[in-house]
Amino acid sequence: MTQYLLLFLAGVAGSFHCVGMCGGFACAMGSDPRGPVATLRRHLVYNLGRVMTYCFLGALVGYLGVLLVGHGGESTPASLAQRALAVVSGLLMVFIGLQFFGFFRRFSPGLTGVGGELLVPALRELLKTSGIAAPLAFGVLNGFLPCPLVYAFAAQAAASGGPASGFLTMAAFGLGTFPAMLMMGGIGIWWRPGFRQPGAVPVSLHPARGAVLRSGWRVQGMRVAGGFIVVLGLITLARGVLPMTAHVHGI
Amino acid sequence: MNTAATCSHCWLPIGRLGQAREVNGKTHRFCCYGCCLAYQVHHGEHEEPEAASLLIRLGVGGFLAMNIMVFSLLLYSGTFSAADEWLAGPIHWLLWILATPLLLILGGPFMGGAWRAAQQGQVTTDTLVSIGVLAAYGYSAYQVVLGSGTVYFDTATMILVLFTLGRYLEAQGRVRAARSLVPMLAAERAEVRTVIDGKDTTQAVSAVQPGAVVRVLPGERIAVDGIVVEGRSHCDEAILTGQFEVQPKAPGARIHAGSINGAGQLLVRATSAGTNTQWVRISRLVREALARKSLTGDMVDGVAAVFIPFVLLLAAGSLWFWSGRVAFDQALLTALAVLVVACPCSLGLAAPLAITLGIGQAAQRGILIRGGGVLEKLARLKALAFDKTGTLTQGKPELATIVVNDATEREVLWRAAALALASEHPLARAIARERAAWGSAIPVAGEVQAHPGAGITGNIDGEYCAMGSRAFMASLGWTIGQGSMKADAEGNTVVYVGWRGRARGLIALSDPMLPEAAAVISALRARGLETLLLSGDREEAVARVAAALNIAKWRSELMPEGKVQALQQWTQRRGAIAMVGDGLNDGPVLAAASVGIAVGGATDLARESADVTLPLGALKSLPWLLGLAARVRRSILKNLAWALGYNAIALSLAVAGMLQPVIAAGLMAGSSLLVVMRSLRANRYPLVAVVFCVLGLEMITPVHADHARLQQVNRAFEAWPVGDYALTDQYGKTFTTRRVQGRWTFILLGDTHCAERCKAPLSALAGMYQRIGGTKAITTTQVLFVSFDPQGDTPALLQKYLAPFDSRFIGATAPWQTLKRLADDLSMSARLPESPEMVSAGSKSYHGSLLLMGPDGTVRGEFLPPFDVLLLTAEYLKTRARK
C-alpha cells in the first residue's frame, strides 16, 4: 500500500510538469456558465478521461511486462527475467528523471510531439461544447499526448508484475495529478465567476495560478518531480539487482 | 457515380460509394469514411458542431474501448482465478454492457456504409468489417447469456478501433499527397485584402473586379492578375512559367495570380475579374485532372468489386471447414480473421496516391497534366511527333526576303498583311508585324477565312486573295508560276501570296530553331523513343530542321488532315505516339495522338484541350516529364505488387487459421499505413515502428491462442502420489485406487446434480474414447467419476448419470471421511465444503475438476476448462508419451 502512496505523491510532484502542457487545456476548458457545480463536474470528467487513458496504458504495459518474463499465474519470484525487467525499468525511470534536471536532453522525444500537432487544433473545438461527453472525450484524447512523465510511470507499471498492478500504479499517479489539474481548471478559484473567456488562452492570470506558471516555481516543481522519479527508479532498480531474500521494505 | 467529383478532403476521385455530408451549410462529398472523419477534424474552425461531435464519438468510443480492454486483460492474465472465480461471470456481463454502446458509436459508420452499399447491390470493406464485428459481438453475447465460455468483445473492440484509425490514416495520407496542390485547388476560394476608401477589407477573390486595388503582403500567394501600383518586390512565378528565377516587380510591372510574393509589400490594381485569371483556370483543370479516373484506377475498381465477394465466400468456407475440426469459437475466429485481413484499401490507394503526387510535382513546374490516364499513357509511349513552327522553332519568324513574280513587293506584302491579321499563326503574325513596321495603313480584308495549317483566304478590295503554303495554293488550283518564284529560298519557310487565280509572290521567313531543341531530341532518343517531324512547311525547310536535330523521319507540306493520317498510321503500326505542338492551330492533330502535348501555357481554350500543357519555353521539361511518368508507373506497379502480395499472404495465413483477428486488423491498418508511407517517402514514421506495433499486438493476443488452441494443464502438483482408497462404484462393487496402477486414470470430481461443469469434461472424455478406441491406448485408460455426495448419489443414480457418456466410465463414491482424504491427496481439499451437510449448499468449486493419474499412481496434472475433444486427446497422448 505504501508503494501506491509513494506513487501518488510522485504524481503530485510531477504535476508541476503537467501544468505546463496540459494546464493550458484545462484553463481553456474554463468554467461552465451554469455555475460552479457544473464546472466541477466538467473538470472531474475531463480528468477522469485522462486518468482512464493512463490506467489503460498501465494495464497494457503491466500485461506486456508479465508476458515478457513468463506466463502470468506461474511467475516464480526469483525469476531472472523478472528481475531483468525491473532493472531495465528502473534504469529507464532514472534516465527520464534526470531529464527533468536537464541532463540527457538531446535524447528526449519531442514533447509536443507528432500526434500533438494533429490533435491539438482539433481538440480546441471540443472545448466549446457543453455537456458531459465532450470533456470526457477531450480527456481521453489528451491522455494520449506524449509526455515523459507518463512514460516514466508506465515503465514502473511494466515492472509491477501484472495488468492489475499496472492499472493501480497508473491510477495512483493519475490521482496525484488531480489536484494540480483541478486547480488549473479554476476550481479553487470559483469564487471569481466569469473570470475566463472560454477558448481563450490565459493572458492575465489569477495570482496563484500565475505563480505556478511562473518559471521559478515550475523549475522547482520539475526538479521535485524529477527527484521523485529518480528515487522510484532507484528503488525499482534495487528490486532487480538485489537478491530476493533482501526484501526491500514496503515495495 | 459522378465521375467528375473529387473528395472534399483528399481531392481524389470519389468512387462508387462516396458519402455526401452536409458540413457547415455546404454539401461536401467524401470518398470514404476516413476522409469524412479527417476533414471534420481539421476544419474544426468552420464546422463546430460537426467536428466536436465527431471527436466526442472518437473520445467516448475510446473510453469504452479502453475499459473493455482493461477488463479483458485482467481476465486473460488470470487475475480472477481461484478465490475470485465468481467474478468472471459478472465481468462478462460488464464487458457486454460496455461493448454495446461501443458497437453503436464506432461501428455505426461502418454498418451504415455497408447498408448503403447493400442497397446498391454491392459489397465493400465496410460490409466485411460489419459482418466480422457483428459476428464476434453476437457470439460473445450468446456466450454471456449461456453463462459459459470465452467472450470476444475485446476482439470486436480492437477491430473497430483499428479500422477507424486505419481509415483516418489513409485519409491523412491522401491529404499529404495532395498538399502541394492545395493552394492551386483552393484558388477559387482564396481571400484577398482589397483597399476600399483607404481601408483594408477582406473579400473573396470572386468579388474582385477590374480596377480594384489589392494589397499583397510579403510571402503571400497573389490571387489577382494586375499591375503594380506601389511597392517593390520579387515574385516567384515558377508555378505558372516553370522558371525558377524570381522576377523583380516595380510599379508598372505585371503581376500574375498564382505567383508568390517576395519580401516587399505590393499594391496591385486588378486587370481582370478575380475568377477570370489563368490561375483559377489552372485550378479548375487540375481539379478535373484529379477527378479523372485513371486506367489503373478503373481496373482496380473492377478487381475490388470481385475481390470482396470472394473474401466473403472464403470466410464462410473457412468457417465450414474448421468447425468440423476445432472448437466452434476457434473456427469463428478464423473466419473473422479472414474477413478482417482482406484489404482492398491498399489496392485502391496504390494508384491514386502516386498519380496525385506526380501531378503535383508537375504542377510545381507549371506543367499541367489532365489526368492520371495521361501519365500512364506517357509512360507507355514509343515515339513523339513534333510540329515544327513554334514548337521546335522559336515561333517568331522574321522576314527574310520577298520574291515577286508579277506584282510589286508592296502589293504582295500589303495583301499578305491584310490577310495575316486574321490568323494567330506565327507566320501570319510575323507578316503583320512586318507590314506595320513599314508604316502604311493596312487595308481591311473582308470575308476572311483561316484554314488552319494551310492558309488564309479573304476579300480585299473586291478581289479574292489567298496566302499560304504551296500545298494550299495547289489545293486552290492556283499556279505557282515559273522562274524566280520557284527559287529555293534557302530552306526558309515560304508563304505564297496570290490573287486572281495565281500566286504572285512569296514571302520567305526565317524561323530559327530553339537552342534547346537539339538537346531535347537527343535526350528523347537516349530514352529509346523514336522521333517524328510533321510539318506543313516546305520540304527543304523541314529537311533542314530534321537534319539539324537528327530526326530520322519527317514529313513535309502536310495539311492538318495529313498530320492526323500520319499519326494514325504510325499508331497502327508501331504503338503509342505523342504529338507536341503549340495547341493553337493543331487541336485536332493533338487529339489524334495518344497524348497531345501543347507547349506555350494554357492561356487559350484551344490549348486547354490538350492532354498536357507545358509552359512557354518549356520544351526542355519534356524529358523530365517522361521521366516522371516512368517513375509514377513504377511506383504504381510496386504498390500494386505489394498490395496483392500482402493480400495473398495474409489471406493464406488467415484461412490456415494462423492469424488472430486482432492481429489481422492490425495488419490491415499497418498495410494502409505502409502504402501511404511508401508513396510519400515519409521518414517520420519508420517502418520499424509499424512492425513493432504489429508485433506488440501479436503479444497481446496469443492469449486466445493459448486458451483455445492448447488444453490448459496445471502441473503444480505433479508426481504427488495418491494413496489407496476404497470406493463403491455404480455397480455396487468396490473400487480401490490400487486398480489405477498400470493405467492412466482420469479422475473427475463432482456429483450427479452437477450439470454443465461435469458434463463438459465427461463429453470431452467420451469423445476422446471414441478417438482412441481403436488404438492400444484405450486399454490402459480409464475414467473415474468421484461423487462427493455419498448420501445423495446411489449407485443407480451414478449409473444413470454416466450412461449417456460411455459405459466404460466408472462412477464411484465413498463415505465423507474417505472422500476428504482422497481430496487431500489430490490437493483438492481447499475446494471442498466443510462437511457433508454443506455439500448441497456450499461451494461447488470442485465440480468439474479433472485430474490425470499416471500408471505409477501419481498425479500428473489438472486439466483446466474449456474442454475440447481434440485438444484434450492431444494433450493426453502427449503426456503419455512423456511418461
Side-chain angles (χ1 to χ4, degrees), chain A residues 45-46 48-68 71-75 110 113-115 117-144 161-167 170-171 199, chain B residues 37-38 40-82 84 105 168-169 172 175 682 684-685 689 695-703 706 712 714-716 864:
Chain A
V45 165
Y46 160 71
L48 176 70
R50 197 170 54 87
V51 172
M52 182 66 227
T53 307
Y54 297 157
C55 292
F56 168 67
L57 289 173
L60 195 64
V61 295
Y63 183 69
L64 288 178
V66 165
L67 274 187
L68 269 176
H71 268 295
E74 285 206 343
S75 53
V114 158
E117 301 158 5
L118 281 180
L119 282 178
V120 163
L123 289 179
R124 288 199 206 279
E125 256 329 290
L126 275 180
L127 305 180
K128 300 186 188 149
T129 352
S130 62
I132 281 289
L136 182 66
F138 187 41
V140 165
L141 293 171
N142 211 351
F144 280 107
S165 43
F167 182 94
M170 294 301 278
Chain B
L37 267 185
Q40 291 174 61
V41 167
H42 287 278
H43 290 80
E45 303 88 24
H46 303 302
E47 283 93 33
E48 291 167 13
E50 281 273 19
S53 78
L54 190 75
L55 277 179
I56 289 173
R57 181 189 280 255
L58 282 174
V60 174
F63 184 78
L64 291 169
M66 290 195 296
N67 271 303
I68 292 177
M69 289 308 295
V70 165
F71 282 107
S72 300
L73 280 179
L74 292 176
L75 272 180
Y76 294 155
S77 62
T79 315
F80 309 109
S81 56
D84 291 329
I105 291 178
Y168 183 78
L169 287 173
Q172 281 305 96
V175 167
R684 283 217 291 181
Y685 307 95
L695 283 179
L697 278 174
E698 173 99 47
M699 289 178 75
I700 300 177
T701 51
V703 179
D706 282 344
Q712 287 278 26
N714 184 1
R715 298 188 195 279
L864 302 168

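A note on names: the letters A, B, ... follow the listed sequences, proteins ahead of strands, and every chain is numbered from 1. Reckoned from all heavy atoms, side chains included, excluding hydrogens, waters and symmetry mates.
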Could you walk me through whether N67(B) and M52(A) satisfy the side chain to side chain contact (heavy atoms under 4.5 Å, CB included) test, starting with their C-alpha distance in whole Å, then the side-chain angles of each, then the deciding distance to 0.1 Å, before giving a yes or no? CA-CA 8 Å; N67(B) 271 303; M52(A) 182 66 227; 3.4 Å; yes
Exercise: identify the closest heavy-atom pair between A59(A) and V70(B): CB-CG2, 4.1 Å
To the nearest 0.5 Å, atom CZ of F167(A) lies from atom CZ of F71(B) at 6.5 Å
I need the minimum non-hydrogen distance between A137(A) and V60(B), along with the two atoms involved. CB-N, 4.0 Å
